[in-house]
Amino acid sequence: MNEGNTPLRIKAAVWAGAAVFSAAVVLVSAALVWNAREVAQADNEAQATRFVAGAEAALNRSLLAVDVLLASMDELLGLSGAQGDWIDPNLASQRLRSSARQNLMVRYVALLDANGKTMGSSDAAGSALPVQLPPGFLGSVLEQPVSTLMISPPVVSFATADRVLYFARHLRMADSTRVVAVAEVPVNALSSVLVQGVDISGLQVTLERAAGQLLLSVPSREEAATITLAPPLHELTTLGQQWQAPARLSGEPALLVYRPILYQDLRISASIPLRDALAGWRDQRNAIALTGLLFLAMIVAAGLLALRYLHRLAQARMAIAQSKATLDQALESMVSGFLLLDGEQRVVQWNSRFEEIFPWLRVAMAPGVPFRRVMEETSRHHLPRASEDERMRWVEQRLLQQKQHQDPHEQVLPNGRTIQITERFTPDGGLVITYHDVTALRRASAEIESLAFYDPLTNLPNRRLLMDRMQQVIAASTRSGQYGALLFLDLDHFKTLNDTLGHEVGDMLLRQVAERLKTCVRREDTVARLGGDEFVVMLHELSLHSEEAAAHARRVGEKILRTLNAPYSLGGHTHHSTPSIGATLMGGALQPSVDLLKQADIAMYQVKSQGRNALCFFDPQMQIAISARAQLEADLQTALMAGQFVLYYQPQFHLDGRIVGAEALIRWQHPERGLVAPGGFIRVAEESELIVPIGHWVLRTACEQLAAWANDPRYRHVQLSVNVSARQFRQRDFVARVVEVLRETGARPHLLKLELTESLVLDDVDDTIAKMGLLKTKGVRFSVDDFGTGYSSLAYLTRLPIDQLKIDQSFVRNLGVRHTDDVIVQTIIGMARNLELDVIAEGVETAAQKALLADYGCQLFQGYLLAMPNPVADLEALLRSAAGDAPVHATLPGALSER
């Protein structure tokens, strides 16, 4: 630190003051240390005195209790009125035991004769208890002219190996014979009474005789011989009060306090070594010394800081000037405009950015100008055509806003810029105002909002905004009772346009559709795009009556149909597009917007199913049908997992009456509806893709049946036909799965015939031929079901590896009735004969039909005339009855079947 500029006079004054404060700290610290020592010694003296007084009282009570116990043995055992041989040892022991329980400190009491023999005791051994008194103790008790409580030196008990004291008193019997009442008391029990749980650091306690014989001590001394402490206590009275007496156990300088007790010249002493008494004081002394040193260091540091402060005070003045210059530079470099007002709302400072934002204020700005004048000038620029009163009201409102609110607010300037104004009060009542240009931020926020709520392609509201507006319209409709409508429209064949001309052309169409839709509705209505080619038109407040509202909505829907049916010009292409529109009413009750959209969507799909390019209102029956269909799909899934499907078999006969095969037909054994025919569930299964696992189950079950018949000569020739759906056949692994089923079940492939519909084989001829060819190599046979209904299959008959044609029952039903059907049947049979294919007629119900078919050359038949579909057991029974060569025509009963 450079102190060259500090005067010597000032430095001398600083160091003189530091010296005075340092001397004061030293003197105060010494006084505190001395006072703390005196307090510590006085506290220990008081503790020792209280302890000895308490110990004396407690020990007197305990010894008196033992003395009373021994003296009461005369009355307890009736000794003064009895002789030695009158004493019953057992009775005496029992009474002594009862009496000794009242004194928890006594281990046992016993009655001894003059020879030391036990006459009775409270111990469990009774009169057999061996009492080993210290040598000479019994004699000294008996020698006492008056019965007095005597206490033995401490000895080790032979029974428990604990140090004990014996308390004894002689008693006189009726014949003047003396007996001795003895109580054994553990030294530890007396020590607990003596210490009383007191916790005094370094405390040494003794119970000793006047001559110095030690009876017990805390802490305990375990010497085997009796210890005599020197010098006797009465010689240390003066030294003890001066903390110079030797401690009774350790001998180090200590405070000694003692008192005599009631019995046999006994003394209690308490010694607190000076070292232990001053242990806490030493900690205080060190703390005071450390604190004093810290104060000295602080005084020295304060002197140094004072000198440093004086040196830097001049530097601070220079720094303030420099900081002001730096602040001015910072304000000038701010992106935001800055204005500082004082407590009287007058201009103190501003930066150049403020003038850039408000250029018309350059001439009005000056230090000390009232902020009101700045606002008046601003009002002239903001409200050039307003009157003076209107401008003053604007200024007053602005100043009032400044006083009441400090939240940021925005101001739009005449040039279109948006300025965010933030005002904060200063501690002195002034005001700091910042002006930040947020024009770009607001434009970005508007763009983000547009992306969040509007479709970027058509600039129509998207699903999120539509749902929000629907909630508002539904709530308003519930209050007002006005009905609205929701139109859900989808462009027909839009995917074809995308696939053929590309997505760019599709986007052009969507934009033109959006523009046309907006021309068909009112300004207050909403046109939204949900995504893809789906649009929603929301009409609200159409009428208080649902019929009128529906009629109005229909007129709007028909206008949309006409508008969207007009040709479109798409990049040089003229395109015709039609919509399918579903409609539902809004109002009358509070309905979730999702449900209304679903209703309109359902109605739109109803239009799709009926040919497109039309308008259809939602019918609650549509929802019921859809719910029923969803439940049916769930039930089919359960049926597949729970094994509720069964196979029925309809026999196929040769002209001569032989059963040559059977068609496997699925039935659903519903737990509630009973046996359900395929017509009740196959269409739903095909549309939900459940037809694939169901068809696989039928194939496996039929193959398992073929494998079961393989070793029975009555059934092993029977072929089974299995219908294959288009979705199942188009699976990539169809061939592999059929081969796997044949391998796992062990069924013979040539007995399995797969029936394919005519539309299936014509859908993708190359794929059909490839799959049929692979399975033909394994031995599987094929039949074309419902042949003749497609009218275009004849060109492919020579390419398809089929084995059989099945004449559709619609032709068989009209044989002999409609001439064209007879011609078609004759053509099919003739063509099959030329191609060497089998022909089977299904749905044969009358003998006349069968006769005509036979006349035309058909030799295989299937229908109710011959047999109905039934469980496998009935088919096996029919096969057994037809085991002979005689023709058999069976018509087994059955209710649910194909003909």
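Residue numbers count from 1 along this sequence.
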TODO: Given side-chain contact (heavy atoms from CB on, under 4.5 Å), test Arg554 with Glu558 step by step and report yes or no.
DONE: CA-CA 6 Å; Arg554 179 173 294 279; Glu558 290 172 349; 3.5 Å; yes
Task: Donor-acceptor contact below 3.5 Å, side chain Asn459 vs main chain Asp455 - done: no
Task: Pairing residues for Glu876 by the salt bridge (Lys or Arg N to Asp or Glu O under 4.0 Å) criterion, not counting sequence neighbours - done: none
Task: Residues Arg730 and Thr768: side-chain donor-acceptor under 3.5 angstrom - done: yes
TODO: Mind checking side chain to side chain contact (heavy atoms under 4.5 Å, CB included) for Pro592 and listing every partner two or more places apart, or none if nothing turns up?
DONE: Asp595
- [ ] Using a 4.5 Å cut-off on heavy atoms from C-beta on, say whether the side chain of Leu510 contacts that of Leu491.
- [x] yes
Task: Under the ring pair (Phe, Tyr, Trp, His ring centres under 6.0 Å) test, residues paired with His670 that sit two or more places apart - done: Trp668
- [ ] Answer whether the closest heavy-atom distance between the side chains of Val607 and Ile581 falls below 4.5 Å.
- [x] no
Report, one line per pair, each donor and acceptor closer than 3.5 Å where one atom sits in a side chain of residues 731-743; sequence neighbours left out.
| residue | atom | partner | partner atom | Å |
| --- | --- | --- | --- | --- |
| Gln731 | NE2 | Arg727 | O | 3.3 |
| Arg737 | NH2 | His696 | NE2 | 3.3 |

Open item on the list: Restricting to side chain to side chain donor-acceptor pair (under 3.5 Å), what partner residues turn up for Ser577, sequence neighbours left out?
Closed with: none
Task: Residues forming a salt bridge (Lys or Arg N to Asp or Glu O under 4.0 Å) with Asp821, sequence neighbours excluded - done: Arg818
Open item on the list: If I take atom CD from residue Gln610 and atom CG from residue Asn613, how far apart are they, to the nearest 0.5 angstrom?
Closed with: 13.0 Å
Open item on the list: My understanding is that only residues two or more places apart in sequence, or in another chain, count here; which of them pass salt bridge (Lys or Arg N to Asp or Glu O under 4.0 Å) with Asp712?
Closed with: Arg714
- [ ] Return the set of residues passing side chain to side chain donor-acceptor pair (under 3.5 Å) with Asp533 (not counting sequence neighbours), or none when no residue passes.
- [x] none
TODO: Could you walk me through whether Leu509 and Phe494 pass the side-chain contact (heavy atoms from CB on, under 4.5 Å) test, one step at a time?
DONE: CA-CA 9 Å; Leu509 175 63; Phe494 179 73; 3.9 Å; yes
Open item on the list: How about OH on Tyr856, more than 12 heavy atoms from neighbouring residues, nucleotides or ligands closer than 6.0 Å, or not?
Closed with: yes
Task: N/O donor-acceptor pair under 3.5 Å between Gln849 side chain and Leu815 backbone - done: no
Name every donor-acceptor pair, under 3.5 Å, that has one atom in a side chain of residues 772-780 and the other anywhere in the protein, sequence neighbours excluded.
| residue | atom | partner | partner atom | Å |
| --- | --- | --- | --- | --- |
| Lys776 | NZ | Asp803 | OD1 | 2.7 |
| Lys776 | NZ | Asp803 | OD2 | 3.0 |
| Thr777 | OG1 | Leu774 | O | 2.4 |

Open item on the list: Please tell me whether Tyr649 and Asp874 have a donor and an acceptor in their side chains that are separated by less than 3.5 angstrom.
Closed with: no
TODO: May I ask you to check whether over 12 heavy atoms, not counting those of Arg683, lie within 6.0 Å of atom CZ?
DONE: no
Open item on the list: Looking only at side-chain N and O atoms, does Ser721 offer a donor or acceptor that is under 3.5 Å from a partner on Glu663?
Closed with: no
Open item on the list: So Leu466 and Arg463, do their side chains get closer than 4.5 Å, heavy atoms only?
Closed with: no
Open item on the list: Strictly by salt bridge (Lys or Arg N to Asp or Glu O under 4.0 Å), give each pair with a member in residues 746-755 just once, sequence neighbours left out.
Closed with: Glu755-Lys806
Open item on the list: Using the ring pair (Phe, Tyr, Trp, His ring centres under 6.0 Å) criterion, which residues pair with Tyr568? Sequence neighbours excluded.
Closed with: none
TODO: Could you tell me whether Glu845 and Arg813 make a salt bridge, using a distance below 4.0 angstrom between a side-chain N and a carboxylate O?
DONE: no
Task: Donor + acceptor pair across side chains of Asp838, Gln859 (<3.5 Å) - done: no
Task: Modelled atom types, side-chain donor and acceptor of Asp499 and Thr496, under 3.5 Å - done: no
Open item on the list: My understanding is that only residues two or more places apart in sequence, or in another chain, count here; which of them pass salt bridge (Lys or Arg N to Asp or Glu O under 4.0 Å) with Asp507?
Closed with: none
Open item on the list: Donor-acceptor pair, distance only, cut-off 3.5 Å: does the side chain of Arg516 make one with the backbone of Ala566?
Closed with: yes
TODO: Please confirm whether the backbone N or O of Val817 pairs with a side-chain atom of Asn814, one donor and one acceptor, at under 3.5 Å?
DONE: no
- [ ] For residues Gln804 and Arg781, determine if any side-chain heavy atom of one lies less than 4.5 Å from a side-chain heavy atom of the other.
- [x] no
